[in-house]
Amino acid sequence: MTTFRAIRGMVDILPEDTPLWQSMETAALEVLSSYGYAEIRLPIIEPTEVFARSIGEVTDIVEKEMYSFADRNDDSMTLRPEGTAGCVRAVVQHNLAVTPQRLWYMGPMFRYERPQKGRQRQFHQLGVEAFGVATPDQDAELIALSRQLWRRLGVDDALTLEINSIGSADDRARFRDALVGYLGEHRESLDEDSQRRLETNPLRILDSKSPDTQAVLDSAPVLSDYLDAETQAEFTELLNQLDALGIAYVVNPRLVRGLDYYNKTVFEWTTEHLGAQSTVCGGGRYDTLVSTFGGKDTPAAGFAVGLERLILLMQALDITVSAPADLYVVTADDDAYRHSLPRLDALRRHFPDLDIVQHLGGGSFKSQFKRADKSGAAWALVYGDAEVANNQVTLKPLRAEAEQQTVADAELESFLASYLAAAQSA
RNA sequence: GUGGCUGUAGCUCACCAGGUAGAGCACCGGAUUGUGGCUCCGGAGGUAGCGGGUUCGAGACCCGUCAGCCACCCCA
């Protein structure tokens with residue numbers, strides 16, 4: 001008998017963790033809707049060209065990390081490695097950006113990489129994208145929204161905002177020439193990867209982790225010197241708005257991003273708690289992407305949250321949620337079980353918020369109560385012979401030191417109503 | 001794609017100069033047959049990731065492979 005394992009880098013999210021995921025998703029949904037962002041649901045597969053054209057042909061993602069395959073019609077398809085490209089494709093296809101649009105989506109992304117802490121081959125992102133506003137107030141709103149989410153989740157103290165402006169494509173082209181010129185003179189002082197990137201993607205050298213390379217960079221040309229006055233003014237205004245919001249930030253002049261479509265504002269939220277994969281959220285402005293997809297020239301900005309990393313961070317901070325049932329139903333025998341069925345049915349209809357777990361599979365009262373205890377339920381609801389005979393039910397508190405009490409069936413609903421009211425106010 | 005560490009019951013781990021596996025927790029049952037949490041007693045559960053090699057004999061040594069973890073790279 002062969003046993004199967006999940007594919008490398010594809011992980012099951014188990015029942016012990018899903019309550020935390022759900023609470024995070026609920027919080028995200030509330031924050032997003034409080035800012036007027038609407039959900040869009042997108043395909044997981046797109047034509048390969050969607051990603052190649054937007055992310056950049058020479059990026060690592062496109063060159064070696066995509067799950068691409070030929071479909072039955074021999075067209076090249078790719079499991080989405082990120083969400084922005086597909087979102088922009090949809091915005092153009094459906095003409096969604098005739099007026100400003102605020103969108104979000106959540107779901108799995110796929111990148112063929114070596115797994116490590118905070119990095120899987122199937123992982124999940126929350127993507128937030130805003131179309132149609134060119135001014136920095138949009139950037140500020142996106143950042144404020146993300147900070148609001150961190151606060152809701154209790155992780156804001158553990159996150160640092162790094163921010164930079166990388167200007168227009170023209171600005172970067174001029175800067176790139178200067179940088180390559182300078183670094184070319186110090187080629188032998190650069191680490192091997194950076195030497196290679198001198199030809200392929202020189203801007204990525206800026207965030208090299210090699211100390212030698214960083215030392216060389218200390219006297220290198222600075223990107224901000226190559227930005228035009230308007231871009232610099234916008235960046236300053238963005239920082240002023242962040243100040244007004246009381247959002248602390250670190251301007252990191254060497255922050256560049258790995259996807260080609262970014263321009264002007266780029267930012268990352270990072271943490272010390274996750275080891276090497278410290279970026280929990282990253283994004284920026286991408287004003288030219290809509291037009292490269294054939295849409296009308298439309299400014300845009302957005303960010304993506306790595307949900308596994310966010311969960312990891314919450315766990316590192318000991319943020320836990322549990323979802324024990326309210327009632328665990330214990331029945332004496334088959335007769336009592338059948339007796340309980342219509343009563344529980346009615347209870348579930350009248351109290352949709354009440355979590356009622358029925359013991360199945362029979363067993364002694366003792367073993368049923370053991371299960372009731374382990375379930376974490378607040379109460380055991382007991383249908384024994386006497387209760388069935390008298391149309392009563394016994395409520396035994398499992399968490400509190402209090403006597404169990406037997407009430408008539410007719411009184412159960414008011415009893416539970418007051419229990420729920422008390423739970424709500426607590 | 002590169003490197004380091006690891007791979008024994010559901011989980012966390014141990015043992016042994018290489019002689020054919022154990023603990024804790026979890027699980028199941030019981031301690032006067034309508035009541036949990038504590039304690040005690042008992043039980044079930046592993047072809048030691050997989051394949052090959054060395055050996056009279058390997059979970060223990062060697063090789064390969066797969067997987068996990070961490071780091072590089074890259075990114076969320």
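The shown structure was predicted, so the numbers you read here are calculated from the model rather than taken from an experiment. In the text below, chain A, chain B and the rest are named by the order of the sequence lines, each starting its count at 1.
Checking the phosphate oxygens (OP1, OP2) of B:G34, no side-chain nitrogen or oxygen of A:Lys366 falls inside 4.0 Å. Checking the phosphate oxygens (OP1, OP2) of B:A76, a side-chain nitrogen or oxygen of A:Arg257 falls inside 4.0 Å. Between A:Lys374 and the phosphate of B:A26, there is no side-chain N or O to OP1/OP2 separation shorter than 4.0 Å. The phosphate of B:A71 (OP1 or OP2) has a side-chain N or O of A:Gln116 nearer than 4.0 angstrom.
When the nucleotides B:C73, B:A71, B:G34 are ranked by their closest atom to the side chain of A:Arg114, B:A71 comes out on top. Set against B:U35, B:G36, B:C70, the side chain of A:Asp373 has B:G36 as its closest nucleotide. For A:Asp60, counting side-chain heavy atoms from C-beta on, the closest listed nucleotide (B:C73, B:C70, B:U35) is B:C73. For A:Arg8, whose side chain is taken as the heavy atoms from C-beta onward, the closest listed nucleotide among B:A67, B:C73, B:A76 is B:A67. Relative to the side chain of A:Gln277, the nucleotides B:C73, B:A76, B:G36 differ in distance, and B:C73 lies closest. Nearest to the side-chain atoms of A:Lys370 among the listed nucleotides B:C72, B:A67, B:G36 stands B:G36.
In this structure, A:Glu113 atom CD and B:C73 atom C1' are separated by 9 Å, rounded to whole Å. Atom CG in A:Asp335 sits about 15 Å away from atom C1' in B:G34, given to the nearest Å.
Taking atom P on both B:U12 and B:C73, the two are 30 Å apart, rounded to the nearest angstrom. Using C1' as the reference atom, B:A60 and B:G49 are 15 Å apart when rounded to the nearest Å. B:C5 and B:A9 are spaced 23 Å apart, taking the P atom of each and rounding to whole Å. Comparing the C1' positions of B:G45 and B:U54 gives an interatomic distance of 33 Å, to the nearest angstrom.
With respect to the salt-bridge test (charged N to carboxylate O, under 4.0 angstrom), the residues A:Glu141 and A:Arg102 qualify.
The aromatic ring of A:Phe369 sits over the base of B:U35, with ring centres less than 5.5 Å apart and planes tilted by under 30°.
Within 4.0 Å of A:Val330, counting heavy atoms only, lies no atom of the nucleic acid at all. Counting non-hydrogen atoms under 4.0 angstrom, A:Gly283 reaches nothing in the nucleic acid.
The minimum heavy-atom distance linking A:Val222 with A:Phe175 is given by the pair C-CE1, 3.6 Å.
Summarising the base pairing, B:G43 is matched to B:C27 through a Watson-Crick or G-U wobble pair whose two defining distances lie under 3.5 Å. Across all strands shown, B:C66 is found opposite B:G7 as a Watson-Crick or G-U wobble partner, with both distances under 3.5 Å.
Residue side chain A:Gln368 does not reach the base of B:U35 through any donor-acceptor N/O pair under 3.5 Å, judged by distance alone. Evaluation of atom-type donor-acceptor distances gives no pair under 3.5 Å for the side chain of A:Arg119 against the base of B:C69.
For an aromatic pair to be called close, the ring centres must be under 6.0 Å apart, and A:Trp379 with A:Phe415 satisfies this.
A:Thr160 and A:Thr270 share no donor-acceptor pair across their side chains, judged by distance under 3.5 Å alone. With 3.5 Å as the limit, one finds no donor-acceptor pair spanning the side chains of A:Ser210 and A:Asp212.
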